[in-house]
Number of protein chains: 2
Amino acid sequence: MPRQTFFKLKEEKKEAITQAFLFEFSHHSFEDASITAVVKKLRIAKGSIYQYFEDKLDLFLYLKEESEQTKMQYIMHLNREDYSDFWSYYRELYVQGIKFDKEHPLKSRFLYHINFLISSPAIKELAKSWKEKALMMMQQMIQKEIEEGHFRKDLPLLSMAHFLYTISISMGEYMERVHRVDVSENLKAELPLLQGTQESLLKSIDDYIILLKSSFNKP
Amino acid sequence: MPRQTFFKLKEEKKEAITQAFLFEFSHHSFEDASITAVVKKLRIAKGSIYQYFEDKLDLFLYLKEESEQTKMQYIMHLNREDYSDFWSYYRELYVQGIKFDKEHPLKSRFLYHINFLISSPAIKELAKSWKEKALMMMQQMIQKEIEEGHFRKDLPLLSMAHFLYTISISMGEYMERVHRVDVSENLKAELPLLQGTQESLLKSIDDYIILLKSSFNKP
DNA sequence: ATACAAAATGACCAACAAGTCACATCATAT
DNA sequence: ATATGATGTGACTTGTTGGTCATTTTGTAT
């Protein structure tokens with residue numbers, strides 16, 4: 001947890017610090033992300049950072065927590081029950097995700113990047129447990145659909161969960177590719193990562209969903 | 001390219017060096033992989049490494065080349081034409097992949113790890129182009145299946161290629177998870193990464209293929 | 001035994017990192 | 001104006017890295 005000092009900072013400074021580190025941690029492994037480099041760019045003393053945070057990990061976890069909470073505000077209100085089928089619910093998650101990306105590109109990128117930090121020794125175990133948790137949630141969702149007779153039930157739950165999880169993560173990358181976006185450039189300019197029109201972005205999602213639907217739905 | 005000196009080394013030493021660095025580069029990002037640490041474990045002078053290789057990147061690329069060539073020997077002889085349908089061909093690729101993993105666990109792990117090195121600034125561009133190439137190959141394969149009337153043709157090629165690529169990469173991780181393997185432990189002991197019985201490993205692949213088949217085949 | 005080239009060595013360098021801490025500065029209350 | 005506690009600072013420590021190079025060791029041909 002960040003120290004009290006950090007929370008007492010005026011919003012402007014807190015924001016600047018957060019943004020700068022989100023950027024740094026979105027471009028390097030945990031180990032390679034350089035506090036020294038960021039404070040230099042921010043033009044504040046390195047000591048200050050250690051008035052705000054316990055250590056590098058504390059800082060990192062704050063960014064994660066913060067980004068996740070922001071994203072939560074976009075998707076929290078969505079309920080499976082309000083949709084007649086799973087895929088329209090799933091689609092809506094991405095619609096909100098695109099909105100989140102538009103309004104918080106740095107946080108969006110950071111959260112995406114986190115998924116590929118398995119090889120950072122310092123957070124390997126943590127990353128593993130996060131993934132475990134995400135997979136469990138997927139399993140529960142799928143289980144429910146099976147029970148209600150929407151999804152096939154001839155395959156192991158874990159297999160379907162892993163499949164869906166993998167594809168869900170890769171969706172962002174696919175959209176980048178389709179729209180030939182230079183994510184890095186957009187990040188620097190603080191533009192949304194995904195530059196396509198709303199409808200062309202949704203088209204990408206729909207294509208993916210068609211594939212997923214064919215896999216998961218009962219024949 | 002490694003220097004001549006390296007190739008003149010006796011097989012034993014060459015092997016020891018290769019193995020040690022495969023291990024190191026399978027556990028860290030390119031930047032974090034430490035030559036200093038490896039030579040210490042190998043009990044050779046750091047200077048020697050620079051008699052063998054131009055620099056860190058040269059060493060890394062050698063490992064990649066070497067690992068890929070070894071893997072190629074396992075899958076090169078497979079031809080789509082020899083199989084009545086795409087998925088039995090695809091399955092056979094994994095059968096051979098498992099064999100490769102059994103006999104060359106370090107190389108297998110290294111090649112897998114490479115797929116997640118997008119965030120290493122020093123090799124980012126390279127990694128991108130490798131991925132581009134892999135995607136192109138996927139596209140070609142899928143295109144052919146579409147032309148021959150086996151795959152659906154109502155979706156963009158790129159979407160299908162990306163989908164298949166993503167799932168193909170994740171297959172290894174799925175097998176790990178199903179068999180509750182501690183990959184790191186097995187690597188250290190130089191055991192195959194995948195510890196399930198041949199048939200239970202194949203079962204995992206088959207489950208995945210069932211999902212893929214439903215997605216890709218014509219309804 | 002001598003000569004010569006090839007290979008191995010490890011102290012050394014410059015650059016960089018995370019984290020510390022004695023001190024300076026600032027804001028507020030009196 | 002003064003005192004006090006909270007913030008801010010950046011030189012410093014300790015440790016790491018990739019890479020170099022003058023020197024020594026080794027292998028081989030004569």
Side-chain angles (χ1 to χ4, degrees), chain A residues 1-18 20-63 117 119-124 126, chain B residues 1-18 20-25 27-64 117 119-124 126:
Chain A
M1 279 279 289
R3 303 182 193 281
Q4 277 311 310
T5 320
F6 179 68
F7 293 114
K8 284 194 240 156
L9 254 38
K10 40 181 158 165
E11 204 52 44
E12 213 176 28
K13 187 167 187 181
K14 227 165 59 184
E15 197 60 26
I17 290 173
T18 304
F21 280 105
L22 280 171
F23 188 87
E24 178 73 4
F25 278 110
S26 298
H27 283 81
H28 300 90
S29 70
F30 177 79
E31 279 75 15
D32 280 334
S34 163
I35 293 174
T36 311
V38 173
V39 294
K40 200 184 277 182
K41 203 159 269 181
L42 278 172
R43 297 171 147 281
I44 64 175
K46 183 149 59 161
S48 295
I49 297 300
Y50 288 89
Q51 302 260 29
Y52 308 149
F53 303 96
E54 293 267 353
D55 53 23
K56 200 180 186 183
L57 184 59
D58 187 39
L59 164 55
F60 177 85
L61 291 179
Y62 165 73
L63 296 175
L117 260 42
S119 70
S120 286
I123 57 165
K124 196 179 185 166
L126 273 174
Chain B
M1 278 278 291
R3 302 181 192 283
Q4 276 311 309
T5 321
F6 179 68
F7 293 114
K8 284 194 239 155
L9 253 39
K10 39 181 159 169
E11 205 52 44
E12 212 176 27
K13 187 167 187 181
K14 229 166 57 188
E15 196 61 25
I17 291 172
T18 304
F21 279 106
L22 280 171
F23 188 88
E24 179 73 4
F25 278 110
H27 284 80
H28 301 89
S29 72
F30 177 79
E31 280 73 16
D32 281 335
S34 163
I35 293 174
T36 311
V38 173
V39 294
K40 200 183 277 184
K41 203 160 269 183
L42 278 173
R43 298 170 145 281
I44 64 175
K46 183 148 59 162
S48 295
I49 296 300
Y50 289 88
Q51 301 259 29
Y52 307 149
F53 303 96
E54 294 268 353
D55 53 23
K56 200 181 185 181
L57 183 60
D58 186 39
L59 165 55
F60 177 86
L61 291 178
Y62 164 73
L63 295 175
K64 176 169 184 278
L117 261 42
S119 69
S120 286
I123 57 165
K124 196 179 185 165
L126 273 174

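Every chain is numbered from 1 and lettered A, B, ... according to where its sequence line falls, protein lines coming before strand lines.
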d(NZ, A:Lys10; C1', D:dA6) in whole Å: 15 Å

Minimum-distance nucleotide (side-chain atoms of B:Ala45 versus C:dG19, D:dG18, C:dG10): C:dG10

Touch class at under 4.0 angstrom, heavy-atom based, for A:Tyr52 against every strand present: sugar-phosphate

Residue mapping more 5' on DNA chain C - nearest nucleotide basis, A:Ser48 or A:Asp32: A:Asp32

Distance-only donor-acceptor test (3.5 Å): side chain B:Gln51, base C:dA8: yes

Spacing between B:Phe7 atom CZ and C:dA6 atom P, to the nearest angstrom: 18 Å

Residue met sooner reading DNA chain C from 5', once A:Gly47 and A:Ala33 are mapped to nucleotides: A:Ala33

Nucleotide D:dT9, atom P - distance to CG of A:Leu42 in whole Å: 11 Å

Phosphate OP1/OP2 of D:dG19 contacted by B:Tyr50 side-chain N/O (<4.0 Å): yes

Sugar-phosphate, base or nothing in reach of A:Lys13, heavy atoms under 4.0 Å: sugar-phosphate

Test item: side-chain donor near acceptor, B:Thr36 and B:Lys46, under 3.5 Å: yes

Sugar-phosphate only, base, or nothing, as touched by B:Ser34 at under 4.0 Å among non-hydrogen atoms: sugar-phosphate

Whole-Å distance separating the NZ atom of A:Lys8 from the P atom of D:dG5: 13 Å

Interatomic distance where CZ belongs to A:Phe21 and P belongs to C:dA17 [whole Å]: 12 Å

Value in whole Å for how far the C1' atom of D:dG19 lies from CZ of B:Arg3: 11 Å

Candidate nucleotides D:dG18, C:dA18, D:dT9, ranked by approach to the side chain of A:Ile44 - the nearest: D:dT9

Distance-only polar pair, side chains of A:Ser120 and A:Glu31, donor-acceptor under 3.5 Å: yes

Check: A:Tyr62 ring centre within less than 6.0 Å of A:Phe6 ring centre: yes

Under 4.0 angstrom between B:Lys46 side-chain N/O and C:dG10 OP1 or OP2: no

Heavy-atom pair with the smallest gap, counting every atom of B:Phe30 and B:Lys56: O-NZ, 2.8 Å

Donor-acceptor pair, side chain of A:Asp58 and main chain of A:Met1, under 3.5 angstrom: yes

Rounded distance in Å - CZ (A:Phe30) to C1' (C:dA17): 13 Å

Distance below 4.0 Å between A:Thr36 side-chain N/O and C:dA18 OP1 or OP2: yes

Separation of C:dA17 C1' from A:Phe25 CZ (nearest whole Å): 13 Å

